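One structure is given below, encoded as structure tokens.
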Number of protein chains: 2
Amino acid sequence: MPGTTPSRGRTGRPPRTSRAQILEAAWRLIDRDGWQKLTMRRLAAEAGAAPTTLYHHVRDRDDLLTQLLDDYAARMPRPELPEEPRERVVAAATVMHDSLAAWPWIVEVLTAGDFIGDSALWFVEAIVQGAVECGCTPEQAVDLYRGLWYYTAGEILVRAGTARRRAERDADEGGVSVYDETVRRRIADSGLPHLSGLADRWPGLVTRETYPEGLRAFVDGLLSHARGGAA
Amino acid sequence: MPGTTPSRGRTGRPPRTSRAQILEAAWRLIDRDGWQKLTMRRLAAEAGAAPTTLYHHVRDRDDLLTQLLDDYAARMPRPELPEEPRERVVAAATVMHDSLAAWPWIVEVLTAGDFIGDSALWFVEAIVQGAVECGCTPEQAVDLYRGLWYYTAGEILVRAGTARRRAERDADEGGVSVYDETVRRRIADSGLPHLSGLADRWPGLVTRETYPEGLRAFVDGLLSHARGGAA
DNA sequence: ACCTGAACACCGTTCAAGT
DNA sequence: ACCTGAACACCGTTCAAGT
């Protein structure tokens, strides 16, 4: 659906390429073809401009990705968070996770490209605040945030990779997953007692959604260590 | 140092390109120029062959990366692990982390490309075994492994990205880190009370090595949840 | 069998030239 | 100002042809 944001005062003149139009075309392209297909040349075609025109609005490809990131961060939901500090931490991390899981490529850009968008700093604040209210020192609160971010980013990247791989390898076939069967056999043939015993159930076990449980376990562990629970 | 592994029975004949020679050249290239520079064409040049020759030994670029992965996995240290099951889990995860942190690109390939190499399955086994001996069900043990892997992969990817970014942006400058100063100011100007209060210390706080502490906290949290510690 | 050059269909980016 | 075509220096991969 092009032209969702109408250009005001449209005349007969050739359309000028605006920053907003470029970002709009980029989202359209990502939606339709996946973010791997977001190249400067394809984006230019989608926006109806010459490839070189883009360089009047973005410094380079990295800058484009950063702008897309900020655009997305500005759209992220900002729900009311629970008063209770531990629940506040869990809720903030969950929002962060769910927002990013919808667009795993954002995390790839985040880790490879630039810093988190300013408008997404609020949940860092929420997590640090919750941790401090739970009795953490500022250092411990930042460590807690970092741990949760590593866990969250890793979960999204690993699961997105697995999902893509399964989809690619099973694209031709119908019915049973060739990918799952390959993995099952490798586990079964590993000669490792615990793994091979679980081989038949492995594909099911590793696709279960376990982020929320892991998050709560991690938060509890980090808070109890901060309170002196560690050796 | 080319030709570390001498080709047996060298004659006057033009050297045949072997799988081992290709992998050797690939490691040399990665060591020297970074893994981003590992292209088929550059690899061919490094190996002293035509680009097209590579396709006799690898199916495509993905296959090359998978072979490099297996090559690396086969070299990973396999230390004796502690008897005590909780320490066994921690030790196995630490080996996994330290091995991969030396070559963060491996994790990128792992998440984007193919499954973990067969020869690296032993520490999955070690973690699952330790968890079971701690009283976990097989499901819980696999969940625990997955959680630790997400945390580990995320830590490596995020920190490698930050380090590379800082290095790139500070390449020209000497002395004070421009990158650190940029981040400091963004935190300070965020208007978020806890974050802006920490702005001056932020660069130091987020570069600290906290993997080991986070790991122990996560393991404790997961084990205590598995024992019914959760709500 | 093993290797190759030429070719195809792409990239990101620069820059002088057009309006 | 804003946009462009031509060009540069790359990619991964295929394929018919050479030895």
Side-chain angles (χ1 to χ4, degrees), chain A residues 7-26 29-30 32-69 105 108-109 112-114 164-165 168 171, chain B residues 7-26 29-30 32-69 105 108-109 112-114 164-165 168 171:
Chain A
S7 46
R8 309 169 284 167
R10 72 182 271 286
T11 74
R13 283 181 300 160
R16 303 245 253 66
T17 316
S18 74
R19 197 193 90 104
Q21 281 171 340
I22 290 177
L23 295 184
E24 221 178 281
L29 199 57
I30 291 170
R32 175 156 30 83
D33 301 329
W35 86 274
Q36 293 86 348
K37 295 293 178 61
L38 181 67
T39 69
M40 298 299 276
R41 295 171 111 104
R42 287 175 69 105
L43 174 56
E46 180 73 27
T52 48
T53 304
L54 299 182
Y55 290 85
H56 271 266
H57 302 91
V58 300
R59 195 171 53 254
D60 52 22
R61 187 166 186 273
D62 249 35
D63 185 48
L64 168 72
L65 294 174
T66 301
Q67 293 199 32
L68 276 171
L69 223 68
W105 71 269
E108 290 188 54
V109 175
D114 214 325
R164 180 156 46 80
R165 210 147 48 244
E168 275 170 11
Chain B
S7 47
R8 309 169 284 169
R10 71 182 274 288
T11 73
R13 282 183 301 162
R16 302 245 251 69
T17 316
S18 74
R19 197 193 91 103
Q21 280 171 339
I22 290 176
L23 294 185
E24 223 178 280
L29 200 57
I30 290 170
R32 175 157 29 85
D33 302 329
W35 87 274
Q36 293 86 347
K37 295 293 178 60
L38 181 67
T39 68
M40 298 298 276
R41 295 172 112 106
R42 287 174 68 105
L43 174 56
E46 180 73 28
T52 47
T53 304
L54 299 181
Y55 290 85
H56 272 265
H57 301 91
V58 301
R59 196 172 53 255
D60 52 23
R61 188 166 185 273
D62 248 36
D63 185 47
L64 169 71
L65 292 174
T66 301
Q67 293 199 32
L68 277 171
L69 224 68
W105 69 269
E108 290 188 53
V109 176
D114 213 327
R164 179 156 46 79
R165 207 146 51 241
E168 276 170 10

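Lettering of chains follows the sequences in order, A, B, ..., and the numbering in each one begins at 1. This one's a predicted model, so the numbers in the text were calculated from it and none came from an experiment.
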- Is a side-chain N or O of B:R42 found less than 3.5 angstrom from the main chain of B:K37, in a donor-acceptor match? yes

- Rounded to whole Å, the CG-P distance (B:L38 to D:dC11) equals 11 Å

- Message: So A:R61, base contact, sugar-phosphate only, or nothing? Heavy-atom distance under 4.0 Å.
- Response: sugar-phosphate

- Between CG of B:D63 and P of D:dT14 the distance, given in whole Å, is 12 Å

- Message: Expressed as a whole number of angstroms, how long is the span from B:L54:CG to D:dT13:C1'?
- Response: 11 Å

- Out of D:dC3, C:dA7, C:dT4, which has the shortest distance to the side chain of A:T53? D:dC3

- Nearest-angstrom distance from the residue atom CG of A:L64 to C1' of C:dC11: 15 Å

- Take the protein atom OH of A:Y55 and the nucleotide atom C1' of C:dA16, then report the distance between them rounded to whole Å. 17 Å

- Kindly compute the distance separating CD1 (A:I22) from OG1 (A:T53), expressed to the nearest 0.5 Å. 8.0 Å

- Message: Please report the distance, rounded to the nearest Å, between CE in A:M40 and C1' in D:dT4.
- Response: 15 Å

- Query: If the P atom of C:dC10 is compared with that of D:dA9, how far apart are they to the nearest Å?
  - Reply: 22 Å

- Task: In whole angstrom, give the distance that lies between atom NZ of A:K37 and atom P of C:dC10.
- Result: 10 Å

- A:H56 (side chain) and D:dC3 (base): donor-acceptor pair under 3.5 Å: yes

- Task: Give A:R42 one of three labels, base, sugar-phosphate or nothing, depending on what nucleic acid heavy atoms sit under 4.0 Å from its own.
- Result: sugar-phosphate

- Would you check if A:L68 and A:W35 make a side-chain contact, meaning some heavy-atom pair closer than 4.5 Å? no

- Measure distances between side-chain N and O atoms of B:T52 and base N and O atoms of C:dG5, and say whether any donor-acceptor pair falls under 3.5 Å. yes

- Item | Close side-chain approach of A:Q67 and A:R19, heavy atoms under 4.5 Å | yes

- Query: Within less than 4.0 Å of OP1 or OP2 of D:dC3, is there a side-chain N or O belonging to A:H57?
  - Reply: yes

- Taking atom C1' of C:dC11 as reference, at what distance in whole Å does atom CG of A:D62 sit? 15 Å

- Please figure out whether A:G48 or A:R41 has its closest DNA chain D nucleotide nearer the 5' end. A:G48

